[in-house]
Colleague: 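Below: one structure in structure tokens.
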Amino acid sequence: NRGGLPLPPTPGWAWPVLGHLPLLGLIPHHSLAALAKKHGPHFLLLNLGTTSPTLVVSSPAAVRSLLKSLDPLVSSRPPNAGATHMAYNYQDLVFAPYGPRWRLLRKLCNVHLFSQKALDHFSSVRESEAQDLVSRLSSSRSAAVTIGPMLTDCTTNALGRTMLGRRVFVPGEGGEFREMVLELMVLAGVFNIGDFVPELEWLDLQGVVKKMKRLHKRFDDFFERMIEENSNGGEMCFLGVLMALKEDADGEGSKISRREIKALLMDLFTAGTDTSSSTVEWAIAELIRHPSLLDALQLELDSVAGRDRLVLESDLPNLTLLQAIIKEIFRLHPSTPLLLPRIVAEDCEAMGYHIPKDTRVLINAWAISRDPDVWKDPLEFKPVERFMPGAPTAHMDVKGNDFEFIPFGAGRRICAGMSMGIRNVQFLTAALVHAFDWELLEGETPEKLNMEEVYGLTLQRKVPLVVKPKPRLAPHVYANAAK
Ligand code: HEM
């Protein structure tokens, strides 16, 4: 019963079985943005495969209507192979159905990882990993480096030390975990046909499920080893806290199980590393393309941190231009352009349309933050004009209150690690811009730097950024960083 309300518009004709899947193209957030402009600027209803229909949401008003007014009804995720085979059959946080277990896992993360107190507690870990990165870059002696993988090493090691009490990517040490994390990123980004045509799931046409099961076993063995090491009295870390909780709760319906602990660790490594590192890579690229902003940021950093030490996390509140620049980076380069899918729990009404139960929801955050109906000169990098104090949109933030840009999502299911993500991106960008001048390779110019995107789990550059870092601080700073 639709109560006389229409369904949202659709693009019309669809293929048998595949439905509108072929319309997604190679970069779905681009194709969906174009389709929305043509057929449904707020809502567009697609049939992707044979599953229930997918609602594509492409305007701030439409996001508000769902994630503010109806949020509890769209706070679970649709079924998918990754949740079943990698995330311990929905025992994790990212895919847990909205309810008491999801609430408990989020609360544990909020208290022990993402609260101001927990973030401050582990700031020395992030600072020492940034110091290591600066030292590795300065030892390149201004030769060209591909910055992306070095940033991934840095964020993953910082998270490894916070969660497991140890680094996980150690140069010259096997690199098994590194290889596993990279494979996980690739697999999680694959468009799995079985998720859209469940009738074909058993065939596993792309071999994705087989790979997931194999990789899951390797992760499980790794986390089991970590748990054993930790129970022999390892460094105090998030895993230690979780294990203590598990022991406290054992016998009385266990508050958190061993499986949930492993699933949570897997989530945090997947959601918390590339998201931050790829955003920093975009930030360095944008600053190279805008040399006067790069100069102004270096001036700000010098005035706050001087040239005799590296920047610290405690400097961040004093770096106003940096904060404006990072907001603009999040606007133009949201690392998860379609957020993570949701599913509608009950029939409901939004923007005058009937939205049936089980409709899947994709929110095109990328399209909204580049929409000329929402932003003036949306494709231009203008942090000062938009976000410096006194600018008309300076009050806007990325924390899910302003639906004009929602790189972390919004509502109850907003990114759990947002506080850490913002700190990672602000701090690493500050550290790199403060410690180095950045030159492109011979023959490349800032105006022509390739800024194209490719589709994947996170929004990656089509052409990885290769740059020459030239130290600009006092020499003893780099010597100390190397110790
Ligand atoms: C630049 C950094 C980051 C960005 C842009 C980002 C973005 C996102 C987005 C868009 C979502 C989906 C939100 C939704 O459904 O509305 C999400 C979920 C999530 N993120 Fe992040 N993220 C970042 C960093 C992190 C970090 C550092 C961690 C943890 C270490 C993390 C952990 C999570 C988790 C656990 C979820 C699932 C939350 C839930 O389902 O309740 N993220 N993130």
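The structure displayed is predicted, hence computed values, not measured ones.
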Colleague: Just say parallel, tilted or perpendicular for the rings of Phe191 and Phe196, cut-offs at 30° and 60°.
Modeller: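 Geometry flag for Phe196 against Phe191: parallel rings.
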Colleague: Taking the basic N atoms (NZ, or NE/NH1/NH2) and the acidic carboxylate oxygens, is any pair closer than 4.0 Å for Glu452 and Lys462?
Modeller: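 A salt bridge links Glu452 with Lys462.
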Colleague: Once the angle between the rings of Phe177 and Phe269 is folded into 0 to 90°, is it parallel (under 30°), tilted (30 to 60°) or perpendicular (over 60°)?
Modeller: perpendicular
Colleague: I'd like to know whether Lys468 forms a salt bridge (Lys or Arg N to Asp or Glu O under 4.0 Å) with Asp437, so could you lay out the CA-CA distance, the side-chain angles of the two residues, the decisive distance to 0.1 Å, and finally the verdict.
Modeller: CA-CA 8 Å; Lys468 294 184 191 169; Asp437 287 318; over 6 Å; no
Colleague: So, Thr279 versus Glu281: side-chain donor-acceptor pair below 3.5 Å or not?
Modeller: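 There is no such pair between these side chains.
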Colleague: Suppose we screen for side chain to side chain contact (heavy atoms under 4.5 Å, CB included). Which residues come up paired with Ala33, at least two apart in sequence or across chains?
Modeller: Asn364, Trp366, Ala367
Colleague: Between the side chains of Arg2 and Asp347, is the shortest nitrogen-to-carboxylate-oxygen separation below 4.0 Å, so that they form an ion pair?
Modeller: no
Colleague: Restricting to non-hydrogen atoms, name the atom on Val168 and the atom on Leu164 that form the minimum distance, rounded to 0.1 Å.
Modeller: CG1-CD1, 4.0 Å
Colleague: Under the side chain to side chain donor-acceptor pair (under 3.5 Å) rule, what pairs show up with a residue in residues 19-31, not counting sequence neighbours?
Modeller: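 Sorted pair list: His29-Glu453, His30-Glu453.
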Colleague: Compare all side-chain heavy atoms of Leu55 with those of Arg360 and state whether any distance is below 4.5 angstrom.
Modeller: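 The answer is no, as the side chains (C-beta and beyond) never meet within the 4.5 Å cut-off.
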Colleague: Within this structure, what is the CG-CG distance for the pair Leu242 and Leu265, rounded to the nearest 0.5 Å?
Modeller: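 These two atoms lie 6.5 Å from each other.
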Colleague: Check this for me, if you would: do Arg331 and Glu328 make a salt bridge, where the nitrogen-to-carboxylate-oxygen distance has to be below 4.0 angstrom?
Modeller: yes
Colleague: Does the pair Thr84 and Tyr90 meet the rule for a side-chain contact (heavy atoms from CB on, under 4.5 Å), with working shown?
Modeller: CA-CA 6 Å; Thr84 310; Tyr90 302 84; 3.7 Å; yes
Colleague: So, Thr155 side chain and Thr152 main chain: donor-acceptor pair closer than 3.5 Å or not?
Modeller: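 Yes, because the side chain of Thr155 sits within donor-acceptor range (under 3.5 Å) of the backbone of Thr152.
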Colleague: Can you see which heavy atom on Asp195 is nearest to which on Ala81, and at what distance?
Modeller: OD1-N, 2.9 Å
Colleague: With a 4.5 Å cut-off on side-chain heavy atoms, are Ile355 and Pro8 touching?
Modeller: yes
Colleague: Might you point out which heavy atoms bring Pro389 and Ala394 nearest each other, and give the distance in Å?
Modeller: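 Result for this residue pair: CA-CB, 4.3 Å.
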Colleague: Compare all side-chain heavy atoms of Ile288 with those of Leu440 and state whether any distance is below 4.5 angstrom.
Modeller: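 Contact flag for Ile288/Leu440 side chains = yes.
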Colleague: Locate the shortest heavy-atom distance separating Trp438 from Ile284; write the atom from each residue and the value.
Modeller: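 Shortest heavy-atom separation between Trp438 and Ile284 comes out as CD2-CG2, 4.3 Å.
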Colleague: Decide yes or no for Ile368 and Asp371: does some side-chain heavy atom of the first lie under 4.5 Å from some side-chain heavy atom of the second?
Modeller: no
Colleague: Give a yes or no on this: more than 12 heavy atoms of other residues, nucleotides or ligands lie within 6.0 Å of atom NZ of Lys37.
Modeller: yes
Colleague: Given salt bridge (Lys or Arg N to Asp or Glu O under 4.0 Å), test Glu385 with Lys376 step by step and report yes or no.
Modeller: CA-CA 10 Å; Glu385 294 82 344; Lys376 188 163 177 276; over 6 Å; no
Colleague: So do the side chains of Ile422 and Ile326 get within less than 4.5 Å of each other, counting heavy atoms only?
Modeller: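 Side-chain contact under 4.5 Å: no.
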Colleague: Inspect the contact between Asp220 and Lys262 and indicate whether a charged nitrogen and a carboxylate oxygen are less than 4.0 angstrom apart.
Modeller: yes
Colleague: Give me each pair satisfying salt bridge (charged side-chain N to carboxylate O under 4.0 Å, His left out) with a member in residues 6-35, each pair once, sequence neighbours excluded.
Modeller: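 Passing the test, one end in residues 6-35: no pairs.
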Colleague: Taking 4.0 angstrom as the limit, do Arg218 and Glu179 come out as a salt bridge?
Modeller: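 Yes, this pair counts.
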Colleague: What about Phe330 and Phe405, are their ring centers closer than 6.0 Å?
Modeller: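 No: the rings miss the under 6.0 Å criterion.
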Colleague: Which distance, rounded to the nearest 0.5 Å, do you find between the OG of Ser276 and the CZ of Arg423?
Modeller: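 Answer rounded to 0.5 Å: 12.5 Å.
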Colleague: Between SG of Cys154 and CG of Leu159, what distance do you get to the nearest 0.5 Å?
Modeller: 11.0 Å
Colleague: Counting only heavy atoms from other residues, nucleotides and ligands, does the tally under 6.0 Å from CD of Glu199 exceed 12?
Modeller: yes
Colleague: Just how far is it from atom NZ of Lys448 to atom CD of Glu444, taken to the nearest 0.5 Å?
Modeller: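 One finds 11.0 Å between NZ of Lys448 and CD of Glu444.
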Colleague: Any non-hydrogen side-chain atom of His354 less than 4.5 Å from a side-chain atom of Glu349?
Modeller: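 No - every pair of side-chain heavy atoms lies 4.5 Å or more apart.
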Colleague: I'd like to know whether Asn424 forms a side-chain contact (heavy atoms from CB on, under 4.5 Å) with Met420, so could you lay out the CA-CA distance, the side-chain angles of the two residues, the decisive distance to 0.1 Å, and finally the verdict.
Modeller: CA-CA 6 Å; Asn424 278 342; Met420 186 187 269; 3.9 Å; yes
Colleague: Side chain of Glu183, backbone of Met180: donor and acceptor closer than 3.5 Å?
Modeller: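 A pair under 3.5 Å: no.
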Colleague: Can Gln91 and Asn89 be counted as having a side-chain donor-acceptor contact under 3.5 angstrom?
Modeller: no
Colleague: Minimum heavy-atom separation for Val311 and His434, please, with both atom names.
Modeller: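 That would be N-ND1, 3.6 Å.
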Colleague: So, for Ala285 and Leu449, which heavy atoms are closest and what is the spacing to 0.1 Å?
Modeller: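 So the two residues come closest at O-CD2, 3.8 Å.
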Colleague: Just verifying a value: how many Å separate Leu332 CG and Lys327 NZ, rounded to the nearest 0.5 Å?
Modeller: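 So the gap between those two atoms works out to 14.5 Å.
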Colleague: Under 4.0 Å between a Lys/Arg side-chain N and an Asp/Glu carboxylate O for Arg289 and Glu447?
Modeller: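 Salt bridge: no.
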Colleague: Apply side-chain contact (heavy atoms from CB on, under 4.5 Å) to Thr10 and Asn47, showing your working.
Modeller: CA-CA 9 Å; Thr10 78; Asn47 284 313; over 6 Å; no
Colleague: Supply the atom-to-atom distance Asn450 CG to Arg461 CZ, rounded to the nearest 0.5 angstrom.
Modeller: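 Here the rounded value is 6.5 Å.
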Colleague: Side chains of Val361 and Val57: closer than 4.5 Å at any heavy-atom pair?
Modeller: yes
Colleague: Using modelled atom types only, decide if a donor and an acceptor are shared between the side chain of His39 and the backbone of Leu35 within a distance under 3.5 Å.
Modeller: no
Colleague: With sequence neighbours left out, write down each residue that passes side-chain hydrogen bond (donor to acceptor under 3.5 Å, both in side chains) with Asn80, or none if nothing qualifies.
Modeller: none
Colleague: Hey, is CG on Leu26 packed in by over 12 heavy atoms from elsewhere, all under 6.0 Å?
Modeller: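 Result for CG/Leu26: open.
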Colleague: So, Glu404 versus Ser369: side-chain donor-acceptor pair below 3.5 Å or not?
Modeller: no
Colleague: Applying side chain to side chain donor-acceptor pair (under 3.5 Å) as the test, list every pair that has at least one member in residues 201-210; sequence neighbours left out.
Modeller: none
Colleague: The criterion is salt bridge (Lys or Arg N to Asp or Glu O under 4.0 Å); which residues satisfy it with Asp71, sequence neighbours excluded?
Modeller: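 Checked Asp71 against salt bridge (Lys or Arg N to Asp or Glu O under 4.0 Å); matches are Arg342, Arg412.
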Colleague: Within the 4.5 Å heavy-atom criterion, are Val398 and Ile406 side-chain neighbours or not?
Modeller: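 Heavy-atom side-chain distance check fails, nothing below 4.5 Å.
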